[in-house]
Amino acid sequence: MKTLIKNGTVITAEITRKADILVEDEFIRRIDEYIEDDEATIVDASGLLVLPGGVDPHVHLELPMAGTISADDHYTGGKAAAFGGTTTMIDFVSQEPVILAENIARHRAMADPKASIDYSLHMNITHFDDQVAEELLDLPQMGITSMKVFTAYNGRLRLDDGSIFKVMRIGGKNNLLTMVHAENGDVIDILVAEALAAGNTAPIHHALTRPAWGEVEASLRAAALAAQADSPLYLVHMNVAGEVDQLAYARKHGILAMGETCPQYLFFTEDDLRRPDGAKWVCSPPMRKAADQQGLWQALENGTIQVLATDHCPFFYNGRQPIVYEGREVAIPGKELGEKDFTLIPNGLPGIADRLPVFWTHAVNTGRISPNRFVELTATNPARIFGLYPKKGTLAEGSDADIALWDPEKELDYGLAWAHHRTDYNLYEGWKLRGYPVKVFLRGTLIVDDQNWLGKAGGGRFVHRQAGEIL
Ligand code: URP
Ligand code: ZN
Ligand code: ZN
């Protein structure tokens, strides 16, 4: 099967050029100024930009949390991703008390039949001992080259600093990247108990009990541990300007530290948590202040932060009220679980469909970020850091034909109906956007054609990752 994408403007992290792209089966065969091929189906991309499919390295699908489960699975989440121009995502395996290989096998048994775009996995390390230390060495042969550890969620997910140091030391010696969720779990627990005792149960107290300084301190702690362990480090969901300062400090001192932020931290503040429907914005870490947004934007512009991910972890706002999804009523308990107590609100937001179109409108159309830097932040850098490049994250001969045809002039009133997340709200409801994918190919197969979904469960594949690069 051959497809010839003609007359488009190809955008990669490095270049912008008018070129045709010949796709054969699952791969990009040729990119050239002018290509003819009588056997190929022609797709006219005149007036369109040709981007590599987005790579979102931070999503949580079917994640059990707070007595419920995140509302997208590998089918619905992949479908939403594809509508927004993303064709690869990386989910997290929870560490249950069995061997890591079994955790991974279970996760894959859940995800593989549903996957509608390509995906890979990070391994959460939330319990560490000598046996886990041994098992970490097996991760690369299972296609997993990154681990996430937490300095918060005491008694549940948190690892003590010594264990984080040991995980990092193993990572440093074995090409495994350690990702750190950096908050101060001890301070959070004290402030949460005090807030509840004082009757402060509204969503804003989610942010007020997780102070920004805890993240500043924990991100520098993570960087210092990485330095001592001779390990690379990736700070997830950075949301505080002071964290950016710590990352810049670490990088200046030669520490192999990298970081990501997410759109919600660029566009919302803790004031959104004060709204009557503030539970919609509850995620960890929380929204911050305007000055933090500025720090994050600057870090995206100047290269201190390498990746724009989503931390997509959607819940219903009102899980008592079903929505209609693909003709069937669906209701999944969600944010209403915490209507009397912010600590019971499941943490997380929808975002995988929103990332590219919202960021394009506010970053590229405003001139803050070039189209090439847009591709770098949302596809190429995540692919390189997480060992998917050049199979994913770029347009090059031999790469997977994961392609988004992007109409830079397409205007829309964005929201729930466009996003296709399996939830009942969208954070960007009513936002005016300009720039949107009109056709999306996954390994050469057209899976989104305007607003038509052509993909299917099982159409996506697990991608076995290599060791990543340090950027
Ligand atoms: O609120 C969030 N982000 N939920 C997902 C878990 C995490 O820590 O990334
Ligand atoms: Zn996290
Ligand atoms: Zn997350």
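Computed from a prediction, not measured in an experiment: that's the story for all the values here. Atom set for the values below is all heavy atoms of this structure, side chains included, hydrogens, waters and symmetry mates excluded. Each ligand, and each atom within it, is numbered from 1 in the order the structure gives.
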Nearest non-hydrogen protein atom to atom 8 (O) of ligand 1, with distance, is His181 ND1, 3.1 Å

Any salt bridge linking Asp413 with Lys432? Criterion: basic side-chain nitrogen under 4.0 Å from a carboxylate oxygen. yes

Within 4.0 Å of some non-hydrogen atom of His237, the atoms of ligand 1 are 8 (O), 9 (O)

Per-atom filter on ligand 1: closer than 4.0 angstrom to a heavy atom of Asp311 are 2 (C), 3 (N), 5 (C), 9 (O)

Item to complete: Could you tell me whether Arg274 and Asp271 make a salt bridge, using a distance below 4.0 angstrom between a side-chain N and a carboxylate O?
Response: yes

If we number the atoms of ligand 1 from 1 as shown, the ones under 4.0 Å from a heavy atom of His58 are 9 (O)

Check your understanding: Do Arg288 and Glu243 meet the salt-bridge criterion of a basic N to acidic O distance under 4.0 Å?
Key -> no

Taking the Zn ion (ligand 2) as the apex, NZ on Lys148 and NE2 on His237 give an angle, to 10°, of 120°

Within the 4.0 Å heavy-atom cut-off, what Asn347 brings close to ligand 1 is both

Is the ring pair Tyr325/Tyr75 parallel, tilted or perpendicular, if the boundaries are 30 and 60 degrees? perpendicular

Does Tyr153 have a heavy atom less than 4.0 Å from any atom of ligand 1?
yes

Does any N, O or S atom in His58 come within less than 2.8 Å of the Zn ion (ligand 3)? yes

> Would you call Lys114-Glu62 a salt bridge at under 4.0 Å N-O?
Replying inline: yes

OG of Ser116 to CG of Asp73, rounded to nearest 0.5 Å, is 8.0 Å

A student checking ligand 1 against Cys283 at a 4.0 Å heavy-atom cut-off should list atoms 1 (O)

To the Zn ion (ligand 2), the closest N, O or S atom belonging to His181 is ND1

If you scan protein heavy atoms around atom 7 (C) of ligand 1, the nearest is Lys148 NZ, 3.5 Å

Non-hydrogen atom of His206 closer than 4.0 Å to ligand 1: no

For the residue pair Tyr436 and Trp418, does the interplanar ring angle fall in the parallel (under 30°), tilted (30 to 60°) or perpendicular (over 60°) class?
-> perpendicular

| request: Using the six-membered ring of Phe128, assess whether NZ or CZ of Lys166 lies under 6.0 Å from its centre and within 45 degrees of the ring axis. | output: no

re atom 1 (O) of ligand 1, the protein heavy-atom contact at minimum distance is Ser284 N, 2.8 Å

Vertex the Zn ion (ligand 3), ends Asp311/OD1 and His60/NE2: angle to nearest 10° comes to 90°

the protein heavy atom lying closest to atom 6 (C) of ligand 1 turns out to be His60 NE2, 3.7 Å

Margin query: In terms of relative ring orientation, are His253 and Tyr249 parallel, tilted or perpendicular, with 30° and 60° separating the classes?
Written below: tilted

Notebook entry, point to check: Parallel, tilted or perpendicular: which describes the rings of Trp297 and Phe267, with under 30° parallel and over 60° perpendicular?
Noted result: perpendicular

